[in-house]
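Take a look at the structure below.
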Protein chains: 2
Amino acid sequence: MRTPTVREAAEAWESLFRAQVAVMRRLSRDPAFRRLGIKEYDVLFTLSACPGGGLRLNELNDHVLLAQSSLSRLVERLDKQGLVTRESAPEDGRGIVVRLTDAGRGLQREIGRAHVREIARILDGALDSEELAALQRLTARLREHVVANHPL
Amino acid sequence: MRTPTVREAAEAWESLFRAQVAVMRRLSRDPAFRRLGIKEYDVLFTLSACPGGGLRLNELNDHVLLAQSSLSRLVERLDKQGLVTRESAPEDGRGIVVRLTDAGRGLQREIGRAHVREIARILDGALDSEELAALQRLTARLREHVVANHPL
DNA sequence: GCAGGATAGATGCATTTGCATCTACTTGAA
DNA sequence: TTCAAGTAGATGCAAATGCATCTATCCTGC
């Protein structure tokens with residue numbers, strides 16, 4: 001229960017980051033992403049997991065590692081491909097609500113099925129069930145804390 | 001000790017990935033990276049942590065989330081800035097050994113000091129010492145397993 | 001020794017990215 | 001109300017990225 005040292009924090013982050021690189025590099029090679037890049041998929045996935053089915057651009061931006069302008073254009077491309085729609089936000093004339101089309105939802109599900117299988121394949125044998133749960137719990141708390149205490 | 005389900009693996013990965021996005025997004029904003037991008041810094045850091053002080057381009061590439069051609073040009077830029085040197089590999093005429101210059105080592109240390117402090121600041125209060133250690137252990141094992149069992 | 005395949009890295013080129021900036025809209029205080 | 005400051009996204013433009021391909025070198029079996 002000690003307060004962590006600077007070194008402990010840096011080493012844990014470094015380890016987390018390298019693991020992410022190793023896994024992501026392999027996941028990106030999945031042929032499932034030939035039809036749609038992994039960042040584009042990530043946007044569709046985030047939208048699919050959203051209760052209302054619509055998200056503001058700036059909310060979307062919190063989930064993706066892209067500059068605001070890059071996300072703006074990525075969503076524009078998805079729109080042109082017919083995978084999402086962009087409507088003006090009802091309560092804020094500046095805002096844009098992004099929403100999955102049926103085609104977008106269909107493609108997300110299709111890619112998602114293959115992607116989830118690939119994740120399981122890559123992680124298979126690395127950690128047991130309890131360890132995966134611990135990892136999930138720790139990273140979720142890390143994220144929550146960071147989001148809550150360090151606004152952008 | 002159960003074997004994980006596909007769902008458990010996918011959810012743990014998702015959580016790890018989102019935490020990485022949240023932390024990385026905030027770390028990138030550090031003014032320490034005004035002099036040198038975070039990817040460029042990452043290459044200098046990887047070189048600085050290397051015993052011999054030199055690394056082959058393809059070894060470097062394992063640590064960074066960049067295509068081979070992108071890393072090739074990133075290192076070319078670092079070379080032009082006088083931060084690294086590129087020599088032909090002694091045992092393999094095709095290979096390039098990348099090595100920090102004194103300037104490169106100096107800049108890495110300078111940015112690194114600020115960066116480590118910023119990591120500690122961002123993570124502060126999120127996890128205690130034991131939890132950070134657990135996170136490090138789990139992610140290190142994940143990475144090792146993935147690297148060992150899924151060559152690129 | 002040599003031909004065929006594999007591997008390391010460089011390069012042309014189209015696409016994507018981020019920075020700076022711009023416009024439009026909202027908010028809050030006088 | 002009005003106006004200054006703040007926020008949401010879009011856009012021009014230069015830089016970075018990835019794909020496909022190219023060259024050079026290495027390795028393997030004959």
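Chain letters run A, B, ... following the sequence lines, proteins first, then strands; residues in each count from 1. The structure displayed is predicted, hence computed values, not measured ones.
Following rounding to the nearest Å, Arg86(B) (CZ) and dA24(D) (C1') show an atom-to-atom distance of 16 Å. To the nearest angstrom, P of dG18(D) lies 10 Å from CG of Leu71(B). When rounded to the nearest whole Å, the span between CG of Leu57(A) and P of dT7(D) equals 17 Å. As rounded to whole Å, 15 Å separates atom P of dG18(C) from atom CG of Leu74(B). One can place CE of Met24(A) at 12 Å from P of dG18(D), the figure rounded to the nearest angstrom. Going from atom CG of Leu65(A) over to atom C1' of dT16(C) covers 14 Å, rounded to whole Å. Leu60(B) places its CG atom 9 Å from the P atom of dG9(C), with the value rounded to the nearest Å. Atom P of nucleotide dT15(C) and atom CZ of Arg77(A) are separated by 11 Å, given to the nearest angstrom.
Under the 4.0 Å criterion applied to side-chain N and carboxylate O atoms, Glu118(A) and Arg29(A) are not assigned as salt-bridge partners.
If you check every strand for non-hydrogen atoms under 4.0 Å, Arg34(B) touches nothing. Contacts of Leu66(B) with the nucleic acid, taken as non-hydrogen atoms under 4.0 Å apart, involve only primed sugar atoms and P, OP1 or OP2.
The shortest heavy-atom contact between Ala19(A) and Arg143(B) is CA-CB, 3.9 Å.
For Glu76(A) against dA10(D), no side-chain N or O and base N or O form a donor-acceptor pair under 3.5 Å. A donor and an acceptor atom sit less than 3.5 Å apart, one in the side chain of Arg73(B) and one in the base of dG12(C).
Proximity of Leu74(B) to Val64(B): side-chain heavy atoms (C-beta onward) are nowhere separated by under 4.5 Å. The shortest distance between side-chain heavy atoms of Glu131(B) and Leu142(A) does not fall below 4.5 Å. For the pair Ile122(B)/His145(A), no side-chain contact is recorded, criterion being any heavy-atom separation below 4.5 Å from C-beta on. Two residues are said to be in side-chain contact when any heavy atoms from C-beta on lie closer than 4.5 Å; Val97(B) and Arg56(B) meet this criterion.
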Show each protein N/O and nucleotides 23-26 of chain C N/O combination with a separation under 3.5 Å, one pair to a line.
residue, atom, partner, partner atom, Å
dC25(C), O3', Gly93(A), N, 3.4
dT26(C), OP1, Gly93(A), N, 2.8

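Around CZ of Arg77(B), the count of heavy atoms belonging to other residues, nucleotides or ligands within 6.0 Å exceeds 12.
When the side-chain nitrogen and oxygen atoms of Ser72(A) are compared with OP1 and OP2 of dG9(D), none of them lie within a distance under 4.0 Å. Not one side-chain nitrogen or oxygen of Ser69(A) sits closer than 4.0 Å to the OP1 or OP2 atom of dG18(C).
Projected onto DNA chain D by closest heavy-atom contact, Gln68(A) and Arg29(A) fall at different nucleotides, the more 5' of which corresponds to Gln68(A).
Applying a 4.0 Å cut-off to non-hydrogen atoms, the residues of residues 36-46 of chain A that approach DNA chain C are Lys39(A), listed by residue number.
Considering only side-chain atoms of Asn58(B), the nucleotide from dA10(D), dT17(C), dA8(C) that sits closest is dA8(C). Nearest nucleotide to the side chain of Arg56(A), out of dG9(C), dA8(D), dT17(D): dA8(D).
With Leu71(B) as the partner, the side-chain contact (heavy atoms from CB on, under 4.5 Å) test is satisfied by one option alone out of Leu57(B), Val98(B), Asn58(B): Leu57(B).
The cluster map of Ile, Leu, Val, Met, Phe, Trp and Tyr, joined by side-chain heavy atoms under 4.5 Å apart, puts Leu36(A) and Leu65(A) in the same cluster.
Ring pair Phe33(A)/His115(A): centre-to-centre distance below 6.0 Å.
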